[in-house]
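Only one structure is covered here, and it is reproduced in the block below.
The chains referred to below are lettered A, B, ... by the order of the sequence lines, with proteins before strands, and numbering in each begins at 1. Predicted model only: the values in this text are computed from it and were never measured.
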Amino acid sequence: MANALYSGRRRRNFIWTILAYAATAFGLSWLVVILATLIWNGAGGLSLDVFTKMTAPPGVVGGLLNSIVGSLIVTVMGVAIATPLGILAGTYLAEYGRHERLSIVIRFVNDILLSAPSIVVGLFVYQLCVVPFGHFSAIAGAVALAMIATPIIVRTTEDMLNLVPNTLREAASSMGMPRSLMIRQVAYRAARSGIVTGILLAVARMAGETAPLIFTELGNSLFSADPRGPMSSLPLIIYEFARSPYPEQQKLAWTGALIVTFAVLSLSILARVLSSSRGEAK
Amino acid sequence: MTATAIQAAETASRPMDRSQALARLKFGDVVFRLMTQFSALLVLVLLLGVAVSLLIGSWPAFSTFGLDFFISDAWSPPKEHFGAAAAIYGTLVTSAIAMLIGVPVGVGVAVFLTELCPLSLRRPIGIAIELLAGIPSIIYGIWGVYYFKPVMQGYVQPFLIHTLGAIPGLGLLFAGPPLGYGVLTAGLVLAIMILPFVTAISRDVFETVPPVLKEAAYGVGSTTFEVVGAIVIPYTRVGVIGGVMLALGRALGETMAVTFVIGNATKISTSILAQGTTISAMIANQFADADPGLFTSSLLALGFILFIITFIVLAAARLMLARLEVKAGR
């Protein structure tokens with residue numbers, strides 16, 4: 001009797017254990033399958049042409065130069081907007097307004113923005129930066145990307161500043177340091193690698209973001225470095241070429257996808273290495 | 001500016017310079033404080049701005065069609081008649097399929113990581129799952145359309161039609177030809193995409209369970225499964241549900257991957273093998289070509305509806321996770 005009960009419990013435990021193992025194998029196998037298909041289809045198309053030629057109409061050998069440059073320009077502009085904004089807002093939440101009621105609201109709103117659908121952000125930026133000027137522009141794309149990146153930077157900056165021991169702040173203040181100087185010279189320095197990790201993660205997120213660019217930056221088959229007009233970008237060209245009936249454009253889409261994925265994954269791995277080497281963040 | 005001011009203060013010899021330098025420091029202090037406060041408020045303004053601008057943009061559609069906008073599934077740009085029902089339906093059904101598969105698997109991986117996995121493998125597997133979360137959605141889209149869709153069309157859908165499709169009643173869900181594109185395909189791709197989010201959050205909340213509780217349960221002879229079922233999950237239930245809602249928020253708003261594989265047909269069908277659309281897929285597909293006026297306004301109205309749905313889901317998720325943090329004493 002007791003034995004039957006015991007073996008039943010063991011059997012149930014065994015079945016659930018197997019299921020947990022199976023779930024993990026299932027989850028990990030997608031990473032392997034997706035990376036393998038990306039390398040399989042994308043690596044063959046990697047050549048000098050990809051980095052030196054413009055996107056071309058079907059039938060002409062083309063590359064992704066304008067898209068790569070466009071992606072870099074828009075991402076840099078986005079980071080340039082989001083980084084100061086995110087760090088300053090995170091500073092307010094962690095330093096000045098840590099216990100204020102308003103901060104609770106802002107923290108909550110920031111967490112909502114952190115996972116808000118990017119396409120909704122795109123629509124908002126369309127209303128804000130495209131409609132008034134009457135045309136699509138890379139600046140609008142950068143604003144949309146900045147809106148996606150800012151909440152990530154706000155969150156990590158606040159978390160990292162919260163990890164800075166108060167004794168450091170007290171020591172600085174006791175020597176008569178003004179609060180703003182204490183924050184910049186002491187707190188930022190102590191939290192630096194964590195804040196940089198947050199920025200890297202935000203860049204990784206921006207690099208692959210497509211949906212909000214469709215109706216802000218629009219895409220451009222020509223080379224353009226003018227941020228006031230439409231500009232090409234890697235995710236947009238993948239979106240366009242992946243649905244193209246021409247094999248050479250499909251191939252370029254896969255190559256572009258490989259480049260984007262490689263960039264995104266190496267950024268997030270770099271961010272993780274950076275944060276674990278200092279042992280500040282998980 | 002204040003950095004030079006403090007240098008000035010250090011080198012100051014006369015009391016006049018000293019008070020000037022102090023005044024400049026004070027001024028810099030106030031400016032910096034105001035800058036941080038302004039940035040923080042801007043975050044708040046951004047969310048309000050999203051809601052207000054979308055509401056303004058969608059007002060023509062709401063005022064023209066009224067309640068009909070939510071009920072009608074007719075979407076006809078030439079006739080200038082727009083209804084959101086098909087898009088809302090597709091959004092909800094794809095997300096439901098994604099949750100049905102992604103949540104149990106995701107929680108299973110989290111149980112494996114916290115209870116079963118050897119310590120040396122814990123970090124690499126955790127990172128691998130997090131990398132899966134980092135892959136941009138456009139990659140899931142191109143992979144879905146070139147690899148996942150043919151598999152669905154060639155093997156999974158014919159199999160479902162022949163087995164489950166033959167059952168009366170239930171067969172309605174699996175009726176129609178195996179097209180490859182469709183609601184089920186989109187739901188499954190979404191399931192793969194939300195899996196790492198469910199895992200990451202479940203793992204984090206599982207780790208908040210005090211070891212003493214688990215050790216006590218193991219001490220009286222519980223099996224691993226019993227510890228998970230009787231201690232870990234009840235203790236972290238609110239957090240797990242919060243994480244699940246967060247993943248639901250992702251699934252509802254996911255755009256690129258869905259756009260590639262759902263087929264983009266503006267109709268409601270009982271079969272989950274049929275082609276459909278979601279709110280985000282519709283906006284992504286049609287917005288760039290939409291005429292200004294009622295068409296654009298209707299797409300903005302779809303965006304507003306999506307914003308409201310995800311806002312409610314995400315707000316509930318954050319409140320639940322916050323409750324767990326209070327409990328964990330963080």
Inset, instruction - Sort out for me which of A:L265, A:L85, A:D111, A:T210 touches chain B most, counting heavy-atom pairs under 4.5 Å. - result: A:D111
Legend entry - Close side-chain approach of B:L300 and A:Q127, heavy atoms under 4.5 Å: yes
Inset, instruction - Would you sort out whether B:L47 and A:N110 count as a side chain to side chain contact (heavy atoms under 4.5 Å, CB included), showing the intermediate values? - result: CA-CA 8 Å; B:L47 191 83; A:N110 189 63; over 6 Å; no
Legend entry - Value rounded to 0.5 Å, distance of CG in B:N285 from CD1 in A:I214: 8.0 Å
Inset, instruction - Measure A:L19 against the heavy atoms of chain B and call it side chain, backbone, both or neither at under 4.5 Å. - result: neither
Legend entry - Pairwise distance CG(A:L88) to OG1(B:T36) - rounded to 0.5 angstrom: 6.5 Å
Inset, instruction - Counting only heavy atoms closer than 4.5 Å, note whether A:A257 contacts chain B via side chain, backbone, both or neither. - result: both
Inset, instruction - Say whether, by atom type as modelled, one donor and one acceptor occur between the side chain of B:D29 and the main chain of A:S180 under 3.5 angstrom. - result: yes
Legend entry - A:E158, part contacting chain B, at a heavy-atom distance under 4.5 Å: neither
Legend entry - Test item: A:Y92 side-chain N/O and B:L41 main-chain N/O as donor-acceptor pair under 3.5 Å: no
Inset, instruction - Pick whichever of A:G256, A:A242, A:G208 has the most heavy-atom pairs under 4.5 Å with chain B. - result: A:A242
Legend entry - Among A:T91, A:V105, A:I112, A:I269, residue most engaged with chain B (heavy-atom pairs, under 4.5 Å): A:I112
Inset, instruction - Go through the atoms of A:R205 and report whether side chain, backbone, both or neither lie under 4.5 Å from a heavy atom of chain B. - result: side chain
Inset, instruction - Report the distance from atom CH2 of A:W16 to atom CG of B:L116, rounding to the nearest 0.5 Å. - result: 12.5 Å
Inset, instruction - Enter the distance from B:L132:CG to A:I34:CD1 here, rounded to the nearest 0.5 Å. - result: 6.0 Å
Inset, instruction - Measure distances from B:T259 to the heavy atoms of chain A and classify the residue's part below 4.5 Å as side chain, backbone, both or neither. - result: side chain
Legend entry - Ring centroid separation A:F124 to B:F307 under 6.0 Å: no
Legend entry - Heavy-atom proximity to chain A below 4.5 Å, by part of B:I192: side chain
Legend entry - Proximity breakdown for B:L131 and chain A, heavy-atom pairs closer than 4.5 Å: both
Inset, instruction - Select, from B:T223, B:L44, B:I142, B:V105, the one with the greatest count of heavy-atom pairs under 4.5 Å involving chain A. - result: B:I142
Inset, instruction - Hey, could you give me the OG/CE distance between A:S118 and B:M256, rounded to the nearest 0.5 Å? - result: 9.0 Å
Inset, instruction - Could you tell me which portion of B:I139 (side chain, backbone, both or neither) has an atom closer than 4.5 angstrom to a non-hydrogen atom of chain A? - result: side chain
Inset, instruction - State yes or no: are the ring centers of B:F225 and A:F14 separated by less than 6.0 Å? - result: no
Legend entry - Segment of B:F260 engaging chain A (4.5 angstrom heavy-atom cut-off): side chain
Legend entry - Lys/Arg-Asp/Glu bridge criterion (N-O < 4.0 Å) met for A:R272, B:E130: yes
Inset, instruction - Sort B:L113 into side chain, backbone, both or neither according to what part of it lies under 4.5 angstrom from a heavy atom of chain A. - result: neither
Inset, instruction - Against chain A, label B:S280 side chain, backbone, both or neither, depending on which of its atoms sit under 4.5 Å from a heavy atom there. - result: both
Legend entry - Under 4.5 Å from any heavy atom of chain B - which part of A:S268: side chain
Legend entry - Per-residue contact mode, A:I183 against chain B (heavy atom under 4.5 angstrom): side chain
Inset, instruction - For the residue pair B:T255 and A:P117, establish whether any side-chain heavy-atom pair is separated by less than 4.5 Å. - result: no
Legend entry - Min side-chain heavy-atom separation B:L48-A:V109 under 4.5 Å: no
Inset, instruction - Would you kindly check if the NZ (Lys) or CZ (Arg) of B:R318 is within the cone defined by 45 degrees around the ring axis of A:F108 and under 6.0 Å from the six-membered ring centre? - result: no
Legend entry - Heavy-atom neighbours of A:R10 CZ exceed 12 at 6.0 Å: no
Inset, instruction - Tell me, out of B:E254, B:M35, B:Q37, B:E115, who's got the most heavy-atom pairs with chain A below 4.5 Å. - result: B:Q37
Inset, instruction - Please look at B:F38 and chain A and tell me whether the side chain, the backbone, both or neither of the residue comes under 4.5 angstrom of a heavy atom of that chain. - result: neither
Inset, instruction - Run the ring-centre check on A:W254 versus B:W143 and record whether the distance is less than 6.0 Å. - result: no
Legend entry - A:R179 side chain near B:F32 side chain, heavy-atom distance below 4.5 Å: no
Legend entry - A:L38 versus chain B, the contacting section by heavy-atom distance below 4.5 Å: side chain
Inset, instruction - Pick one of side chain, backbone, both or neither for B:I283, based on which atoms fall under 4.5 Å of a heavy atom in chain A. - result: both
Inset, instruction - Return the option, out of B:G108, B:G253, B:G303, B:S53, with the maximum number of heavy-atom pairs under 4.5 Å with chain A. - result: B:S53
Legend entry - Greatest number of heavy atom pairs closer than 4.5 Å to chain B - which of A:T150, A:V154, A:T37, A:L114: A:T37
Legend entry - Engaged part of B:V145 at the chain A interface, taking heavy atoms whose separation is under 4.5 Å: neither
Inset, instruction - Over all heavy atoms of both residues, which pair between A:V264 and B:P136 is shortest? Give the atoms and the distance, please. - result: CG2-CG, 3.9 Å
Inset, instruction - Check each atom of B:Y140 against the heavy atoms of chain A and say whether the ones under 4.5 Å are side chain, backbone, both or neither. - result: side chain
Inset, instruction - Compare all side-chain heavy atoms of B:L46 with those of A:M147 and state whether any distance is below 4.5 angstrom. - result: yes
Inset, instruction - Would you mind checking which part of B:R250 comes under 4.5 Å of any heavy atom in chain A, side chain (CB onward), backbone (N, CA, C, O), both or neither? - result: side chain
Legend entry - Interface moiety of A:W30 toward chain B, non-hydrogen atoms closer than 4.5 Å: both
Legend entry - Side-chain heavy-atom pair A:V120, B:L54 within 4.5 angstrom cut-off: yes
Legend entry - Min side-chain heavy-atom separation B:I138-A:Y239 under 4.5 Å: yes
Inset, instruction - Find out whether B:L195 and A:F26 are in side-chain contact, i.e. whether some heavy atom of one side chain is under 4.5 Å from a heavy atom of the other. - result: yes
Legend entry - Exercise: identify the closest heavy-atom pair between A:L28 and B:I125: CD1-CG2, 4.0 Å
